[in-house]
S.K.: 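Take a look at this one; I'll ask things after.
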Amino acid sequence: MKWFIADLHCGHSRVLIGPRGDAFPTLDLWHEHIFGEINRLVGKSDTLYMLGDFCMKDAPLWRNKIKCRDAWLIIGNHDPSLAQCELAFGKGRARITYETKILDVPCFLSHYPHAFWPKSHRLSMHLAGHCHDMRED
């Protein structure tokens, strides 16, 4: 099975600003919860795509908390260098964008939403991470 998640912001204290901070008063509790849920839902032989902003540093440390063997990182603006991401996920498994299929439907993965993407005019999907609603009208 394929799973998708975005914007974990591991190790970043600002992740607790807002509603998550009400439920998780410390980063340790947030990490325990989020990795517990990932490992509960995503099987070791599943595929997990993280659509950016996984962590700002220590990528191998955070990646090792996920039991799924087939994990990919679509790099976001709050992720470390490509070298650090590849150290954690493996060579070629950390990318800016990635194309896959979901139930034979082409799917374009990115951290940012795109107005157009490969095959956007041919019944395809686009999955993205965050959007800060900062584009112009």
Side-chain angles (χ1 to χ4, degrees):
M1 181 176 290
K2 292 183 180 183
W3 296 85
F4 303 86
I5 193 166
D7 298 284
L8 295 181
H9 291 276
C10 297
H12 193 251
S13 60
R14 291 187 55 107
V15 76
L16 299 179
I17 294 174
R20 285 183 283 206
D22 296 339
F24 303 98
T26 69
L27 269 179
D28 288 340
L29 288 173
W30 164 249
H31 294 136
E32 182 180 326
H33 172 75
I34 198 68
F35 288 112
E37 287 299 296
I38 290 170
N39 290 326
R40 182 178 69 80
L41 294 168
V42 182
K44 287 183 181 181
S45 60
D46 288 342
T47 301
L48 176 63
Y49 296 98
M50 287 177 263
L51 304 180
D53 288 359
F54 175 58
C55 67
M56 295 182 80
K57 62 181 181 176
D58 302 322
L61 170 89
W62 300 113
R63 170 61 183 98
N64 286 335
K65 294 182 181 292
I66 297 171
K67 293 178 183 175
C68 175
R69 291 183 296 265
D70 189 18
W72 295 75
L73 176 63
I74 310 308
I75 297 172
N77 56 304
H78 288 152
D79 288 313
S81 69
L82 175 62
Q84 277 289 306
C85 293
E86 284 193 332
L87 183 64
F89 287 85
K91 188 140 180 84
R93 290 181 165 272
R95 307 217 180 149
I96 301 300
T97 63
Y98 187 69
E99 292 182 60
T100 187
K101 287 188 176 184
I102 302 172
L103 300 174
D104 288 330
V105 176
C107 186
F108 178 76
L109 309 179
S110 158
H111 180 59
Y112 306 98
H114 294 244
F116 300 97
W117 59 92
K119 301 182 181 102
S120 62
H121 59 291
R122 291 209 165 105
L123 298 174
S124 66
M125 294 187 286
H126 172 30
L127 299 181
H130 81 275
C131 183
H132 287 284
D133 196 29
M134 295 182 354
R135 43 175 259 224
E136 297 177 21
D137 291 335

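Just so we're clear, the structure is a prediction, and the values are computed from it rather than from any experiment. Scope of the values below: all heavy atoms of this structure, side chains included, with no hydrogens, waters or symmetry mates.
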S.K.: Can you tell me how far CG of N77 sits from OH of Y112, rounded to the nearest 0.5 angstrom?
M.R.: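 Nearest 0.5 Å value for the OH-CG distance: 3.5 Å.
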S.K.: Do you know the tightest heavy-atom contact between S124 and P118?
M.R.: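 So the two residues come closest at OG-O, 4.0 Å.
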S.K.: Can any side-chain N or O of H111 pair as donor or acceptor with the backbone N or O of I74 at less than 3.5 Å?
M.R.: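 Judged by distance alone, no pair lies under 3.5 Å.
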S.K.: Is the closest side-chain heavy-atom distance between K2 and Y49 below 4.5 Å?
M.R.: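 Yes - at least one pair of side-chain heavy atoms lies under 4.5 Å apart.
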S.K.: Where is the tightest heavy-atom contact between N39 and K67, given as atom of each residue plus distance?
M.R.: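 Residues N39 and K67, closest heavy atoms: OD1-N, 2.8 Å.
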S.K.: How many angstroms lie between atom OG of S81 and atom CD of E86, to the nearest 0.5 angstrom?
M.R.: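 So the gap between those two atoms works out to 9.0 Å.
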S.K.: Are L27 and S13 packed together at the side-chain level, in the sense that at least one heavy-atom pair is separated by less than 4.5 angstrom?
M.R.: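 Contact flag for L27/S13 side chains = yes.
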S.K.: Does H31 reach the side chain of W62, with side-chain heavy atoms less than 4.5 Å apart?
M.R.: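 Yes, at least one pair of side-chain atoms sits under 4.5 Å.
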S.K.: Is any side-chain heavy atom of H9 closer than 4.5 Å to a side-chain heavy atom of R14?
M.R.: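 Sidechains of R14 and H9: no contact.
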S.K.: From D7 CG over to M50 CE, what is the distance, rounded to the nearest 0.5 angstrom?
M.R.: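 Here the rounded value is 12.0 Å.
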S.K.: To the nearest 0.5 Å, how far apart are CZ in R63 and CD in Q84?
M.R.: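 Here the interatomic distance stands at 14.5 Å.
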S.K.: Treating Ile, Leu, Val, Met, Phe, Trp and Tyr as nodes and any side-chain heavy-atom pair under 4.5 angstrom as an edge, say whether V42 and M1 lie in one connected cluster.
M.R.: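 Yes, one cluster joins them.
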S.K.: Any idea which heavy atoms bring L29 and F24 closest together, and the distance?
M.R.: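 Closest pair (atom of L29, atom of F24, distance): O-CD2, 3.8 Å.
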S.K.: Working to the nearest 0.5 angstrom, can you tell me the gap between L73 CG and L51 CG?
M.R.: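 CG of L51 is found 9.0 Å from CG of L73.
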S.K.: How close do C68 and A71 get, counting heavy atoms only, and between which atoms?
M.R.: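 Smallest heavy-atom distance, with atoms named: O-CB, 4.3 Å.
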S.K.: Once rounded to the nearest 0.5 Å, what's the spacing between atom CD1 of I96 and atom CG of L109?
M.R.: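 Reported value, rounded in 0.5 Å steps: 13.0 Å.
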S.K.: Does either side chain, that of S110 or that of W117, offer a donor lying less than 3.5 Å from an acceptor on the other one?
M.R.: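 No, no side-chain donor-acceptor contact under 3.5 Å.
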S.K.: Quick one: are I5 and W3 in side-chain contact, heavy atoms under 4.5 Å?
M.R.: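 No, every pair of side-chain atoms sits at 4.5 Å or beyond.
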S.K.: Are W30 and L41 linked, directly or through other ILVMFWY residues, by side chains that come within less than 4.5 angstrom of each other?
M.R.: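 In one cluster with W30: L41, yes.
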S.K.: Backbone N or O of F54 within a donor-acceptor pair of the D79 side chain at under 3.5 Å?
M.R.: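 Yes.
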S.K.: With a 6.0 Å cut-off (strictly less than), is the heavy-atom count around CD of E32, excluding the residue itself, greater than 12?
M.R.: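 Atom CD in E32 is not crowded, with 12 or fewer foreign heavy atoms closer than 6.0 Å.
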S.K.: Shortest non-hydrogen contact from P60 to A88?
M.R.: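 It is N-CB, 3.5 Å.
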S.K.: Would you say F35 and C10 make side-chain contact, with heavy atoms under 4.5 Å?
M.R.: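 Heavy-atom side-chain distance check passes, below 4.5 Å.
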S.K.: Sub-3.5 Å donor-acceptor pair from the side chain of H126 to the main-chain atoms of F108, do we have one?
M.R.: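 The answer is yes, because a donor-acceptor pair under 3.5 Å joins these two groups.
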S.K.: Any idea which heavy atoms bring P80 and C55 closest together, and the distance?
M.R.: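 Minimum heavy-atom contact is CD-O, 2.9 Å.
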S.K.: Under 4.5 Å between side-chain heavy atoms, hopping through other hydrophobics if needed: is there a path connecting M125 to Y98?
M.R.: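 Result: yes, single cluster for both.
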S.K.: Same cluster or not: L48 versus F89, using hydrophobic residues (I, L, V, M, F, W, Y) connected whenever any side-chain heavy atoms lie under 4.5 Å apart?
M.R.: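 Yes, it is one cluster - the side chains of L48 and F89 are joined through contacts under 4.5 Å.
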S.K.: Would you check if F4 and I102 make a side-chain contact, meaning some heavy-atom pair closer than 4.5 Å?
M.R.: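 The answer is yes, as the side chains (C-beta and beyond) meet within the 4.5 Å cut-off.
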S.K.: So S45 and R69, do their side chains get closer than 4.5 Å, heavy atoms only?
M.R.: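 A side-chain contact exists here, since the closest heavy-atom pair is under 4.5 Å.
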